Amino acid sequence: MAIRPPRIHVAAALTAGGDVVLPEGAARHVARVLRLGEGAPLVLFDGRGIEAEAVLVEAGRKRVVARVEAVHEGRGESPLAVHLGQAISKGDRMDYAIQKAVELGVAEITPLYTEHGDVRLKGEREARKLAHWQAVAASACEQCGRATLPPVHPPLALADWLGGRGEALRLVLHPGTPGVLDRQGETASAALLIGPEGGLSSAEVEAAIGADFAPLSLGPRILRTETAPVVALTLLQDRFGDL
């Protein structure tokens with residue numbers, strides 16, 4: 001079986017015949033971890049839906065350069081655009097939620113501050129964490145074959161996120177009437193709200209319902225905050241998307 005060329009996200013214009021200097025992290029991975037040399041094939045993508053076949057033309061310790069040979073539209077985008085509002089959780093749990101959401105075709109992610117959430121970020125710490133989450137999303141795109149990088153928006157208070165929603169289908173994970181997805185007609189956009197480990201408060205659930213969110217139950221067992229988006233997005237993609 002042929003080994004797939006590594007996929008690398010580059011924030012640069014991809015033009016056939018042009019050279020692209022790989023960003024530091026990707027360059028280190030290609031040259032020092034994978035130990036690829038000149039002539040090795042790569043797949044580059046710009047995060048805006050364009051993908052390119054490329055070949056290494058320079059693979060030094062300080063600089064790695066790929067030459068674009070062919071450019072085409074990327075694949076892997078779902079017909080269902082889901083905006084995930086995910087309550088911020090500690091450590092690897094948030095990374096896992098973002099990674100799996102991207103693999104499952106999410107279109108946008110907004111980290112949320114909620115009443116029972118135990119993470120509060122400010123200033124430079126918030127900026128560093130946001131950059132980290134965006135890198136997690138890019139890495140997930142590299143792995144799963146997507147050429148469009150879903151934005152991870154700056155964290156918002158839940159009320160602010162609810163006030164900006166306009167998706168045709170809006171769901172909040174909360175014990176509710178079974179079969180809400182079965183009763184829903186076809187849709188091309190959805191907002192999905194997932195609370196923190198301690199759950200959303202009753203006032204937050206009421207606010208979501210007041211913003212036209214329907215309660216969605218995922219069965220009799222309580223799922224962790226990082227597991228819930230995997231299950232919910234799988235159901236949404238199976239019902240309205242491309243699974």
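What you see is a predicted model, and the numbers here were worked out from it, not measured in a lab.
Test E103, E77, H9 against R146 for side chain to side chain donor-acceptor pair (under 3.5 Å) and you get one pass: E77. Screening Q134, E108, H83 for a side chain to side chain donor-acceptor pair (under 3.5 Å) involving H153 leaves a single residue, E108. Remark: of the listed residues L243, D242, L236, L236 is the sole one forming a side chain to side chain contact (heavy atoms under 4.5 Å, CB included) with L80. Tested against L171 for a side chain to side chain contact (heavy atoms under 4.5 Å, CB included), the candidates L192, L235, I194 yield a single pass: L192.
Note: the hydrophobic cluster containing L162 also contains I209 (ILVMFWY, side chain heavy atoms under 4.5 Å, direct or indirect links). Under the 4.5 Å side-chain heavy-atom criterion for Ile, Leu, Val, Met, Phe, Trp and Tyr, V65 and V43 are members of distinct hydrophobic clusters. When hydrophobic clusters are built by joining Ile, Leu, Val, Met, Phe, Trp and Tyr residues whose side-chain heavy atoms come closer than 4.5 Å, directly or via intermediates, L169 is grouped together with V180. By the criterion of side-chain heavy atoms lying less than 4.5 angstrom apart, applied directly or through intervening Ile, Leu, Val, Met, Phe, Trp or Tyr residues, Y96 is not grouped with L112; the two fall into different hydrophobic clusters. The hydrophobic cluster containing V21 does not contain V30, counting ILVMFWY residues as joined when their side-chain heavy atoms lie under 4.5 angstrom apart, directly or transitively.
In this structure, the side chains of L193 and L158 come closer than 4.5 Å at one or more pairs of heavy atoms. Proximity of I50 to E73: side-chain heavy atoms (C-beta onward) are separated by under 4.5 Å at one or more points. In this structure the side chain of I8 never reaches within 4.5 angstrom of the side chain of V20, judged on heavy atoms. You'll find the side chain of H132 reaches within 4.5 Å of the side chain of V136, heavy atoms only. The side-chain heavy atoms of L173 and L223, taken from C-beta on, include no pair separated by under 4.5 Å.
Considering only residues two or more places apart in sequence or on other chains, R170 meets the side-chain hydrogen bond (donor to acceptor under 3.5 Å, both in side chains) condition with none of them. Every side-chain contact (heavy atoms from CB on, under 4.5 Å) that P196 has, sequence neighbours left out, goes to A87, T114, H116, L200. Residues satisfying the side-chain contact (heavy atoms from CB on, under 4.5 Å) criterion with E126, sequence neighbours excluded, are Y113, L121, P155. With sequence neighbours excluded, no residue forms a side-chain contact (heavy atoms from CB on, under 4.5 Å) with T15.
Of all non-hydrogen atoms in F240 and P79, the two that sit nearest each other are O-CG, 4.3 Å. In terms of heavy-atom proximity, G37 sits nearest to L56 at O-CD1, 3.5 Å. Here the closest non-hydrogen pair linking W161 and L84 is CZ2-C, 4.2 Å. Considering all non-hydrogen atoms of both residues, T148 and C141 come closest at O-SG, 3.6 Å. Summarising the geometry of A138 relative to F45, their closest heavy-atom pair is O-CZ, 4.1 Å, with the distance given to 0.1 Å. In terms of heavy atoms, G195 sits closest to T225 at O-OG1, 2.8 Å.
Counting only distance, with no hydrogens or angles, the side chain of S78 and the backbone of V106 share no donor-acceptor pair below 3.5 Å. Checking side-chain atoms of E204 against main-chain N and O of E115 turns up a donor-acceptor pair under 3.5 Å. Between the side chain of Q237 and the backbone N or O of L104, at least one donor-acceptor pair lies under 3.5 Å. Judged purely by atom type and a 3.5 angstrom limit, E226 has no side-chain atom pairing as donor or acceptor with the backbone of D95. A donor-acceptor distance shorter than 3.5 angstrom exists from the side chain of S89 to the backbone of M94, with no hydrogens or angles considered. Not one N or O on the side chain of R93 forms a donor-acceptor pair closer than 3.5 Å with the backbone of R224. Formation of a donor-acceptor pair under 3.5 Å by the E167 side chain with backbone atoms of V82 is not found in this model. For the pair R125 (side chain) and R120 (backbone), a donor-acceptor distance under 3.5 Å is present. At distances below 3.5 Å, at least one donor-acceptor pair connects side-chain atoms of T234 with backbone N or O atoms of V230.
Ionic pairing of E124 and K129 is not present here: no N-O contact between side-chain nitrogen and carboxylate oxygen is shorter than 4.0 angstrom.
When the shell of 6.0 Å around CG of D118 is examined, it contains more than 12 heavy atoms from other residues, nucleotides or ligands. Dense packing is recorded around CG of L34, with more than 12 heavy atoms of other residues, nucleotides or ligands lying under 6.0 Å away.
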Steps toward side-chain contact (heavy atoms from CB on, under 4.5 Å) verdict (F213, H174): CA-CA 10 Å; F213 278 69; H174 187 71; over 6 Å; no
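The CG atom of L44 lies 6.0 Å from the CG atom of L22; values are rounded to the nearest 0.5 Å. I88 CD1 to T110 OG1: the interatomic distance, rounded to the nearest 0.5 Å, is 10.0 Å.
For residues 30-57, the side-chain hydrogen bond (donor to acceptor under 3.5 Å, both in side chains) pairs, not counting sequence neighbours, are R7-E51. The side-chain hydrogen bond (donor to acceptor under 3.5 Å, both in side chains) analysis of residues 17-29, with sequence neighbours excluded, yields the pairs D19-R67, E24-R28.
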